[in-house]
Amino acid sequence: MRKHILYCIPFLFFSKQAIAQNATFKGEVIDDKISIGYGVTTGDVDGDGKLDILLADKKEIVWYKNPGGKDKPWKRYILAKDLTESDNVCIAARDLDGDGKVEVAVGAQWNPSETKNWDKSGAVFYLDAPADRTQLWEPIRLHHEVTIHRMQFVKTTDDTFQLIVLPLHGANNVAGEGVGVKAIVFDIPKQRKEKWNYQLVETDMHMTHNFQPMEVSQRFLGMAVAGKEGVQVFLNGANGWAPSGNWMVNGNGVGEIRTGNLGNNQLFTATIEPMHGNSLVVYSKDSRTVLTDKIKEGHALVCADFFGQGRDQIVMGWRNPNVVGETGVRIFVGSDKEGKNWQEYTLDEKIKMACEDVTAADLDGDGDLDVIASGRATKNVVVYWNQRKK
């Protein structure tokens with residue numbers, strides 16, 4: 001598959017008139033002094049109606065205040081620091097009570113080789129916000145398993161949310177063998193400083209890496225968990241959480257997973273294979289299509305409609321130099337209803353990005369989604385502004 005640079009390229013191979021003829025991205029570095037940038041997400045932190053950027057960095061949890069326009073400085077604030085002896089590793093942010101401000105949870109004590117000593121591996125915190133959200137937030141320690149790795153807030157009913165937390169290993173697991181991973185599903189109490197009840201979900205999977213919530217009309221129905229054995233679907237039924245028996249991917253190791261829409265109610269699943277792998281793969285109906293196998297340690301994935309096509313594109317990032325010495329972020333644009341034909345583009349080749357995580361949000365309120373990425377070796381947070389001409 002040939003790579004192109006996404007600068008004013010006409011998408012002539014599409015027939016829909018709604019597609020922009022000059023869709024571009026312009027990168028802006030908003031911080032070039034981070035340590036690792038394990039996890040990046042967005043949300044309105046201070047309630048001013050603009051989406052801010054939140055980052056789980058090595059020893060600090062920070063947020064960057066949206067200045068309300070391109071090329072304006074993003075002010076950095078610390079939510080929490082030095083939560084545990086080892087690194088922070090993941091973050092979740094969502095408005096849980098409808099007040100226009102996000103709540104935040106984080107995972108820490110990242111020690112992936114330690115599966116036996118619970119004091120030295122894994123930690124989960126809810127961060128309780130002060131009246132002045134630019135000040136430090138109070139960490140509320142929750143239950144944890146070893147090697148906490150990923151988390152997301154999910155919506156279960158109109159007024160109820162849960163926090164889903166996924167470890168990398170099971171307890172006492174050695175080299176991906178032994179006890180399966182137990183995911184944690186927290187019920188969120190109205191008084192957040194009170195006890196958080198939880199359920200442990202037996203996955204019988206080893207070395208799970210990420211998961212995709214399955215939501216319909218913003219209601220959480222289940223999750224697809226990616227790991228060493230593939231991608232397995234879990235549902236919350238009358239008897240609690242259990243595997244559905246459905247493997248979206250079986251036998252291929254998967255590190256990252258996101259789902260997208262091909263249009264006409266046709267869905268696809270995008271994966272990075274294997275864990276920390278070299279391939280971006282799309283599954284649609286009965287087909288498996290490798291979009292590229294030229295990356296190294298792919299670690300970031302998001303599916304969304306950036307160009308107003310009525311179908312989703314795929315943004316993917318990797319963190320280690322490949323065979324030609326490149327790291328970066330790419331976007332893949334599909335052109336057929338089966339999900340087999342995709343074109344690859346570079347967002348902005350002028351900015352070096354060893355991508356650890358990526359997300360999408362409309363940061364400038366223009367109706368188009370922008371791309372936000374955190375760089376590990378490059379130690380930066382970058383906003384790729386969507387320059388689509390309508």
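Not measured: the values here are computed from a predicted model.
- By the 4.0 Å N-to-carboxylate-O rule, Asp52 lies too far from Lys65 to be salt-bridged with it.
- Ile148 contributes atom CD1, which lies 7.5 Å from atom NE2 of His143 (distance to the nearest 0.5 angstrom).
- A centroid separation of 6.0 Å or more is found between the aromatic rings of Phe125 and Trp137.
- Taking CG of Asp44 as the start and CZ of Arg133 as the end, the distance is 8.5 Å to the nearest 0.5 Å.
- Lys379 NZ: more than 12 foreign heavy atoms inside a 6.0 Å radius.
- Linking ILVMFWY residues whenever their side-chain heavy atoms come closer than 4.5 Å, directly or via other members, places Phe234 and Val185 in the same cluster.
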Does the pair Val282 and Thr269 meet the rule for a side chain to side chain contact (heavy atoms under 4.5 Å, CB included), with working shown? CA-CA 6 Å; Val282 165; Thr269 299; over 6 Å; no
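- A distance of 11.5 Å separates NZ in Lys340 from CG in Leu262, rounded to the nearest 0.5 Å.
- Asp348 contributes atom CG, which lies 10.5 Å from atom CZ of Phe25 (distance to the nearest 0.5 angstrom).
- Here the side chains of Trp385 and Val371 are not in contact, with every heavy-atom distance at 4.5 Å or above.
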Practice problem: Test salt bridge (Lys or Arg N to Asp or Glu O under 4.0 Å) on Lys72 and Glu28 and set out the steps. | Solution: CA-CA 10 Å; Lys72 295 182 179 180; Glu28 178 188 357; over 6 Å; no
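- No salt bridge links Lys285 with Glu338; every basic N to acidic carboxylate O contact stays at or beyond 4.0 Å.
- When each of Glu297, His299, Arg319 is checked for a side chain to side chain contact (heavy atoms under 4.5 Å, CB included) with Arg376, only Arg319 meets the rule.
- Using a 4.5 Å heavy-atom threshold, the side chains of Glu103 and Asp95 count as touching.
- Linking ILVMFWY residues whenever their side-chain heavy atoms come closer than 4.5 Å, directly or via other members, leaves Met214 and Ile184 in distinct clusters.
- Linking ILVMFWY residues whenever their side-chain heavy atoms come closer than 4.5 Å, directly or via other members, places Val62 and Ile372 in the same cluster.
- We find that Arg288 and Glu273 are joined by a salt bridge, their nearest charged nitrogen and carboxylate oxygen being less than 4.0 Å apart.
- In the hydrophobic clustering of this structure, Val381 does not group with Ile36; members are Ile, Leu, Val, Met, Phe, Trp, Tyr whose side-chain heavy atoms approach within less than 4.5 Å, directly or through other members.
- The shortest non-hydrogen separation linking Gly367 to Asp362 is N-OD2, 2.8 Å.
- Nearest heavy atoms, Ala105 versus Leu163: CB-CD2, 3.8 Å.
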N/O donor to acceptor pairs below 3.5 angstrom from side-chain atoms of residues 247-258, sequence neighbours left out:
from   : atom 1 : to     : atom 2 : distance (Å)
Glu256 : OE1    : Asn210 : ND2    : 2.7
Glu256 : OE2    : His209 : ND1    : 3.1
Arg258 : NH1    : Phe211 : O      : 3.1

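- Residues Tyr198 and Asp187 bring no donor and acceptor atom of their side chains to less than 3.5 Å of each other.
- Considering only heavy atoms from C-beta on, Trp342 comes within 4.5 Å of Ile314 through its side chain.
- One finds the OG atom of Ser374 at 10.0 Å from the CD1 atom of Ile53 (value rounded to the nearest 0.5 Å).
- Although no hydrogens or angles enter the test, the distance criterion places a donor-acceptor pair under 3.5 Å between the side chain of Asn66 and the main chain of Leu363.
- Proximity of a side-chain donor or acceptor of Thr359 to a complementary backbone N or O of Val302 within less than 3.5 Å is not detected.
- Nearest heavy atoms, Ser284 versus Phe268: CB-CB, 4.2 Å.
- A donor-acceptor pair under 3.5 Å links the side-chain atoms of Asn386 to the main chain of Leu369, judged by distance alone.
- Counting heavy atoms from C-beta on, the side chains of Asp57 and Asn88 never come closer than 4.5 Å.
- Connection of Trp63 to Ile91 is established within a shared hydrophobic cluster, with ILVMFWY side chains joined at heavy-atom distances below 4.5 Å, either directly or through further cluster members.
- Around atom NZ of Lys59, more than 12 heavy atoms belonging to other residues, nucleotides or ligands sit under 6.0 Å away.
- The aromatic rings of Trp118 and His144 lie tilted to each other, with the angle between the two planes from 30° to 60°.
- Judged by distance alone, the side chains of Glu177 and His206 never bring a donor and an acceptor atom under 3.5 Å apart.
- Here the shortest heavy-atom pairing between Ser279 and Asp293 reads OG-CB, 3.4 Å.
- Counting heavy-atom neighbours within 6.0 Å of Lys296 NZ, excluding the residue itself, gives a total of 12 or less.
- Proximity of Gln309 to Val333: side-chain heavy atoms (C-beta onward) are separated by under 4.5 Å at one or more points.
- With hydrogens and angles left out, the side-chain atoms of Tyr38 and Asp87 include a donor and acceptor closer than 3.5 Å.
- With a 4.5 Å cut-off on side-chain heavy atoms, Lys337 and Gln266 do not count as touching.
- Judged by distance alone, with hydrogens and angles left aside, the side-chain atoms of Thr84 form a donor-acceptor pair with the main-chain N or O of Gln109 at under 3.5 Å.
- When atom types are taken as modelled, the side chain of Thr41 and the backbone of Leu54 share no donor-acceptor pair closer than 3.5 angstrom.
- Leu166 places none of its side-chain heavy atoms less than 4.5 Å from the side chain of His149.
- The residues Lys101 and Asp99 are annotated as not salt-bridged, no charged nitrogen and carboxylate oxygen being separated by less than 4.0 angstrom.
- Heavy-atom minimum distance, Thr147 versus Trp110: O-CZ3, 4.0 Å.
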*asked:* Assess the residue pair Leu96 and Ile188 against the criterion (side chain to side chain contact (heavy atoms under 4.5 Å, CB included)); give the C-alpha distance rounded to whole Å, side-chain angles, the decisive distance to 0.1 Å, and a yes or no.
replied: CA-CA 9 Å; Leu96 304 179; Ile188 302 172; 3.8 Å; yes
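- Taking 4.0 Å as the cut-off between side-chain N and carboxylate O, Glu138 and Lys193 count as a salt-bridged pair.
- The side-chain hydrogen bond (donor to acceptor under 3.5 Å, both in side chains) test applied to Tyr126 returns Arg192, not counting sequence neighbours.
- Side-chain atoms of Asn246 and Ser244 include no donor-acceptor pair closer than 3.5 Å.
- Between the side chain of Asn172 and the backbone N or O of Lys116, no donor-acceptor pair lies under 3.5 Å.
- The main-chain N or O of Val165 is never found under 3.5 Å from a side-chain atom of Arg150 such that the two would form a donor-acceptor pair.
- Environment of CG in Asn117: crowded, with over 12 heavy atoms of neighbouring residues, nucleotides or ligands closer than 6.0 Å.
- For Lys228, the NZ atom sits in a packed shell: over 12 heavy atoms of surrounding residues, nucleotides or ligands are nearer than 6.0 Å.
- A donor-acceptor pair under 3.5 Å is absent between the side-chain atoms of Glu85 and the main chain of Leu83, judged by distance alone.
- For the pair Phe332 and Thr292, the minimum side-chain heavy-atom distance is below 4.5 Å.
- The two residues Ala93 and Val104 come nearest to each other via the heavy atoms CB-CG2, 4.3 Å.
- Judged purely by atom type and a 3.5 angstrom limit, Asn278 has no side-chain atom pairing as donor or acceptor with the backbone of Ile295.
- For the atom pair OG1 (Thr378) and CD (Glu356), the distance works out to 10.0 Å, reported to the nearest 0.5 Å.
- Contact check on Glu114 versus Lys120 returns no salt bridge, with no Lys/Arg side-chain nitrogen under 4.0 Å from an Asp/Glu carboxylate oxygen.
- Checking side-chain atoms of Gln162 against main-chain N and O of Phe186 turns up no donor-acceptor pair under 3.5 Å.
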